[in-house]
Number of protein chains: 2
Amino acid sequence: MDFEPLGLAADLVILTVRDGRLQVLLIRRGIAPYQGRWALPGGFVRPDEDLETTARRELAEETGLSSERIHLEQVATYGAPDRDPRGRVVSVAYLALVPDLPAPVAGSDAASAHWVEVAEVDAGRLAFDHHRILADGVERARAKLEYSPLATAFCPPEFTISELRGVYEAVWGTPLDPRNFHRKVTKTADFVVPAGGTTTRDGGRPAQLFHRGTATTLHPPMTRA
Amino acid sequence: MDFEPLGLAADLVILTVRDGRLQVLLIRRGIAPYQGRWALPGGFVRPDEDLETTARRELAEETGLSSERIHLEQVATYGAPDRDPRGRVVSVAYLALVPDLPAPVAGSDAASAHWVEVAEVDAGRLAFDHHRILADGVERARAKLEYSPLATAFCPPEFTISELRGVYEAVWGTPLDPRNFHRKVTKTADFVVPAGGTTTRDGGRPAQLFHRGTATTLHPPMTRA
DNA sequence: AAAATAGTGTCTATCAGACAATATTTT
DNA sequence: AAAATATTGTCTGATAGACACTATTTT
């Protein structure tokens, strides 16, 4: 079969919660097109490489996180004929949720990679159609917090209920009642399970530590205000 | 830029509800690979053609439905290196929901197109990775019925509450209480609006006709048993 | 009249949201 | 002691699900 010339890329919306805010990893483009503009990390799919493999490779290159335990899911594919001035490039977008990294961003492209608060990314500043991809990725994350235990993907292996609440508040941009949240989370079957210890890292009375449970869907779902 | 040889296709999961059952449009492949096997309709993306344009073109070719009002949404992209024996072909899958067609399937490829009950499609019978694509498409439809007014996409412009309930029952495979369903649907803001008339096409007491409302998300959502 | 479907009303257990009260830490 | 956070409990209004009952058609 003969194929039209076509490039296939995987781009990543890598989200984390730092300082109580939802942040996305952006890179400053060093080369044309869109030189000097912010862009989502990504790269071309290699021959014989699966799409998710490409995404995980790029994730590791940009963050140093190579664990299979990092949450990564496909969001959508963007293929408008004119979305890349270099020619026809179709991009498969992935959403990655990572905990607040103890180590700073590391890896080969690290020099140009920065965490940027999602609320402060402005529409015209991103290369290609990356603003649209970012918006779709963020919306996916917001929606999935409701009915999946995905919020735990932003947390370290052991976390407190209030840290988990901080994730919801940052992603949704809404304050939640600590008391109702606590009750809801601990009563939702298999959402979180007690890890045994306590911590005072959040100040005040020691909080119980939890780790994520086995649930894949939350019954009942968490509700946005 | 030079690109690796690569094909880009759009494949369609076209669902409808006929005779109270969820059905999918499949075609019998006339040529290799997988000659004689059932497959999802689809085709290659043309140069300068947007992905959704390809999907709508294929939809029109297979069903004769060219209206922009047909619900069509992207589901996921499949790109395992060995998924097509002809070479590297990446497929963007779309989900289309169509009403029970008054006219039989028509169009250029119609000769080989048939409605098949989803519950009776068996895993090994489909070409390529189409069983996986079908499963993902059906799961998407099932999930979206809960929190979106998507069920109306299976209905004609004017429908009764019990016809809408029939859609839910067919897609979810669960019987629903007609009385609670009626109350729930009519009380959910902007889900359906009265069209004015009534019909006795379902037998019994005349039922009010409705058409779809302006809601894009259902508050509260419909709940699966 | 009998059967079929449409639609309304009622009851109960559960849940979301508001918020009081108590517990245990650091400053 | 004061401030901060954690956790439990209580109250109220809304809702889901079960199901009795009434309404309007066809057979």
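Numbers restart at 1 for each chain; the letters A, B, ... are given by sequence-line order, proteins then strands.
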Enquirer: Closest approach of A:H211 and A:P194, non-hydrogen atoms and distance?
Expert: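 Looks like NE2-O, 4.2 Å.
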Enquirer: In terms of side-chain heavy atoms, does B:S91 have a donor or acceptor partner in B:D11 at a distance below 3.5 Å?
Expert: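 Yes, a side-chain donor-acceptor pair sits under 3.5 Å.
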Enquirer: Here's a test of your reading of the structure: between B:D177 and A:N180, which maps to the more 5' nucleotide of DNA chain D?
Expert: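 In this pair, the answer is A:N180.
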Enquirer: If you round to the nearest 0.5 Å, how far is CG of B:L150 from NZ of B:K144?
Expert: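 CG of B:L150 is found 6.0 Å from NZ of B:K144.
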Enquirer: Between B:F181 (CZ) and D:dA18 (C1'), how many Å, whole number?
Expert: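 B:F181 atom CZ is separated from D:dA18 atom C1' by 17 Å.
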Enquirer: Please check: side-chain N/O of A:H71 versus main-chain N/O of A:A96, any donor-acceptor pairing under 3.5 Å?
Expert: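 Not a single qualifying donor-acceptor pair exists.
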Enquirer: Which pairs, protein N/O on one side and nucleotides 24-27 of chain C N/O on the other, fall under 3.5 Å?
Expert:
unit_1: C:dT24; atom_1: O2; unit_2: A:R205; atom_2: N; d: 3.3

Enquirer: Could you report the tightest heavy-atom contact between B:R140 and B:Q74, atom names first, then the distance?
Expert: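 Distance-wise, the nearest heavy atoms are NH1-O, 3.1 Å.
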Enquirer: Out of B:T152, B:L209, B:V167, which residue meets the side chain to side chain contact (heavy atoms under 4.5 Å, CB included) rule with B:F159?
Expert: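 The passing option is B:T152.
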Enquirer: Rounded to the nearest 0.5 Å, how far apart are CZ of B:R201 and OG1 of B:T198?
Expert: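 If we round to the nearest 0.5 Å, B:R201:CZ and B:T198:OG1 are 10.5 Å apart.
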Enquirer: Among residues 208-217 of chain B, which residues get a heavy atom nearer than 4.0 Å to DNA chain D?
Expert: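 Contacts with DNA chain D under 4.0 Å: none.
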Enquirer: Atom pairs, N/O to N/O, protein against nucleotides 14-16 of chain D, distance under 3.5 Å?
Expert:
unit_1: D:dA16; atom_1: OP1; unit_2: B:K184; atom_2: NZ; d: 3.1

Enquirer: Can you classify the ring geometry of B:F181 versus B:Y168 as parallel (below 30°), tilted (30 to 60°) or perpendicular (above 60°)?
Expert: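 Ring orientation of B:F181 relative to B:Y168: perpendicular.
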Enquirer: When rounded to the nearest 0.5 angstrom, what is the spacing between NE2 in B:H182 and CG in B:L176?
Expert: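 So the NE2 of B:H182 and the CG of B:L176 are separated by 14.0 Å.
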Enquirer: Take atom CZ of B:R224 and atom P of D:dG17, then tell me their distance rounded to the nearest Å.
Expert: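 B:R224 atom CZ is separated from D:dG17 atom P by 13 Å.
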Enquirer: Roughly how far, to the nearest 0.5 Å, is OG1 of B:T217 from CG of B:D190?
Expert: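 Result: 11.0 Å between the selected atoms.
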Enquirer: Going by heavy atoms closer than 4.0 Å, what residues in residues 188-195 of chain B are next to DNA chain D?
Expert: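 Of all residues in residues 188-195 of chain B, none places a heavy atom under 4.0 Å from DNA chain D.
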Enquirer: Give, for atom CD of B:E58 and atom OG1 of B:T53, the distance between the pair rounded to the nearest 0.5 Å.
Expert: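 That separation rounds to 11.5 Å.
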Enquirer: Counting the atoms with a prime plus P, OP1 and OP2 as sugar-phosphate, which does B:D202 contact under 4.0 Å by heavy atoms, base, sugar-phosphate, or nothing?
Expert: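 Sugar-phosphate, no base atom in range.
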Enquirer: Atom CD of B:E120 and atom CD of B:Q23: how far apart are they, to the nearest 0.5 Å?
Expert: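 Interatomic distance, B:E120 CD to B:Q23 CD, rounded to 0.5 Å: 9.0 Å.
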Enquirer: Return the residues of residues 151-176 of chain A meeting this criterion: a heavy atom under 4.0 Å from some atom of DNA chain D. Order them by number, or give none.
Expert: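 Close to the strand are A:S162, A:R165.
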Enquirer: Do A:W38 and A:H114 have their ring centres less than 6.0 Å from each other?
Expert: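 Ring centres of A:H114 and A:W38 closer than 6.0 Å.
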Enquirer: Kindly write out the residues that satisfy salt bridge (charged side-chain N to carboxylate O under 4.0 Å, His left out) with B:D136, not counting sequence neighbours, or none if the list is empty.
Expert: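 Listed in chain order: B:R132.
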Enquirer: Nearest whole Å is fine: how far is C:dG7 P from B:R179 CZ?
Expert: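 Interatomic distance, CZ of B:R179 to P of C:dG7: 14 Å.
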Enquirer: Please check the phosphate of C:dG7 (OP1 and OP2 only) for any side-chain N or O of B:H182 closer than 4.0 Å.
Expert: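 B:H182 to C:dG7 OP1/OP2: side-chain N or O found under 4.0 Å.
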